Amino acid sequence: MTEPAPHASTGPLVVHTPDELRRALADAGRVALVPTMGALHEGHRSLMRVARERADTVVVSVFVNPLQFGPNEDFDRYPRTLDTDTAVCAQEGVDVVLAPSVNTMYPAEQTVTVHAGAMGERLEGASRPGFFTGVLTVVSKLLHLVGPDLAVFGRKDAQQLAVVRRMVADLNMPVEIVGAPTLRDPDGLATSSRNVYLSDAERASALFLSRALEAGRAAASEGPGAVRAAARAVLDGAAGATPPVELDYLALVDPATFADAPADHRGEAVLAVAARVGATRLIDNVSVDL
Ligand code: AMP
């Protein structure tokens with residue numbers, strides 16, 4: 001960073017339209033974008049800090065993107081807390097909050113969309129048809145609107161990070177994608193905007209996810225089969241918890257392609273899990289060094 005952030009002392013400039021954004025970013029220097037859906041928590045803050053270190057101007061977008069929600073998902077009840085989100089951004093020295101309306105982002109039917117191909121149809125893509133098309137479409141729109149030098153994404157959503165990286169490479173988008181580590185509560189639960197849905201008992205059951213991933217990681221020296229088995233054993237126990245952890249998938253995959261890691265895989269892999277606790281769907285992952 002060469003100069004103090006222009007809005008850091010007064011709080012971020014909140015803009016809602018492409019024209020306001022363009023004015024806000026005149027003479028912005030090196031720009032970092034942190035795309036979010038709001039309901040900002042410690043995980044988002046950690047992304048903002050990564051962005052703050054690497055850019056003159058930090059833009060946080062807050063947009064609950066209807067295109068990435070399925071018909072039976074939580075689009076309507078997803079937490080919307082722009083005032084507290086803006087206060088969080090002020091504390092983190094964010095310069096600009098981009099909070100467009102659905103109409104501003106999608107003034108007409110979005111007939112041209114971005115597809116991830118096969119890697120977007122596995123795991124999250126299999127459980128949530130259309131999810132990655134919604135994500136890639138909105139991320140490419142945000143990248144075009146903001147024109148950042150870099151964009152910061154959390155490794156918490158590892159498959160999302162992988163498909164975004166692939167989009168940027170395949171479509172020659174002139175932006176650096178930075179992956180930031182997963183922020184966890186002290187008990188291991190990955191922070192998530194959806195954690196507010198959890199009752200105390202559900203939250204206790206949700207801890208089985210990070211425990212299973214740690215058990216898998218601890219078996220890394222014994223190879224992919226042992227990693228999967230160790231994590232699976234914890235999740236089998238979690239199925240009998242109260243309330244139960246209903247497993248959607250557990251997978252050990254290549255971090256770039258999200259294809260299953262073969263039995264002789266060496267180097268980094270991602271151990272990813274998705275499960276439902278009560279009505280809440282949670283995902284988590286860890287990097288495993290094989
Ligand atoms: P969301 O608002 O849930 O769409 O997330 C916005 C960004 O924050 C994404 O890049 C997420 O991967 C990232 N993120 C969410 N939770 C965490 C976390 N616990 N640690 C790090 N990054 C996170």
Side-chain angles (χ1 to χ4, degrees), residues 32-54 58-70 73-75 77-82 84-86 88-89 92 94 97-100 102 105 116 123-124 128 131-143 146 148 150-168 175-198 203 206-207 209-210 213 255 258 270 272-274 280-287:
L33 171 65
V34 182
T36 81
M37 297 204 300
L40 301 178
H41 51 68
E42 285 298 323
H44 297 114
R45 283 183 191 263
S46 69
L47 268 50
M48 293 175 207
R49 289 175 198 152
V50 169
R52 184 71 281 163
E53 276 174 15
R54 293 170 184 242
V58 175
V59 181
V60 171
S61 60
V62 174
F63 180 61
V64 185
N65 173 34
L67 217 60
Q68 71 190 67
F69 285 78
E73 293 186 353
D74 55 346
F75 175 72
R77 72 178 187 126
Y78 197 85
R80 288 164 173 83
T81 57
L82 185 58
T84 45
D85 290 346
T86 304
V88 168
C89 289
E92 298 301 334
V94 168
V97 172
L98 169 61
V102 171
M105 289 300 280
L123 305 182
E124 282 303 284
R128 307 179 68 186
F131 172 68
F132 285 118
T133 299
V135 168
L136 291 187
T137 301
V138 81
V139 168
S140 56
K141 285 164 78 87
L142 291 167
L143 291 174
V146 176
L150 64 129
V152 185
F153 291 84
R155 287 194 214 125
K156 156 83 167 39
D157 299 279
Q159 191 177 6
Q160 170 173 284
L161 175 61
V163 298
V164 167
R165 282 194 196 286
R166 189 62 191 240
M167 170 181 77
V168 163
V175 62
E176 179 193 352
I177 301 300
V178 176
T182 300
L183 214 289
R184 297 179 181 281
D185 286 338
D187 57 11
L189 185 69
T191 58
S192 164
S193 303
R194 289 190 167 97
N195 290 354
V196 298
Y197 300 150
L198 298 171
R203 200 183 177 292
L207 292 178
L209 268 65
S210 56
L213 296 176
F258 263 71
V270 170
V273 65
T280 305
R281 189 171 178 280
L282 299 169
I283 64 170
D284 197 357
N285 71 87
V286 292
S287 174

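Residue indices begin at 1 and follow the sequence shown. For clarity, every value in this text was computed on a predicted model and none was experimentally measured. Keep in mind that the numbers below use all heavy atoms, side chains included, and drop hydrogens, waters and symmetry copies. Just so you know, ligand 1 is whichever comes first in the structure, and atom 1 is the first atom listed for that ligand.
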- Quick one: is the NZ or CZ of R166 closer than 6.0 Å to the six-membered ring centre of F258, and within 45° of its axis? no

Donor-acceptor check, side chain of [X] to backbone of [Y], threshold 3.5 angstrom: yes or no?
X	Y	value
D284	V273	no
S193	A39	yes
K141	M105	yes

Do the charged groups of D74 and R281 touch, with an N to O distance under 4.0 Å? no

Kindly print each ligand 1 N/O atom paired with any protein N/O atom under 3.5 angstrom away, one pair per line, or none if nothing qualifies.
residue, atom, partner, partner atom, Å
ligand 1, 2 (O), M37, N, 2.9
ligand 1, 2 (O), H44, NE2, 2.9
ligand 1, 5 (O), H44, NE2, 3.4
ligand 1, 10 (O), G154, N, 2.8
ligand 1, 12 (O), G154, N, 3.3
ligand 1, 12 (O), G154, O, 3.2
ligand 1, 12 (O), D157, OD2, 2.6
ligand 1, 16 (N), T191, O, 3.4
ligand 1, 19 (N), L183, O, 3.0
ligand 1, 19 (N), T191, O, 2.8
ligand 1, 19 (N), T191, OG1, 2.8
ligand 1, 20 (N), L183, N, 2.8

Partner of V60 under side-chain contact (heavy atoms from CB on, under 4.5 Å), picked from E92, M48, H44, is M48

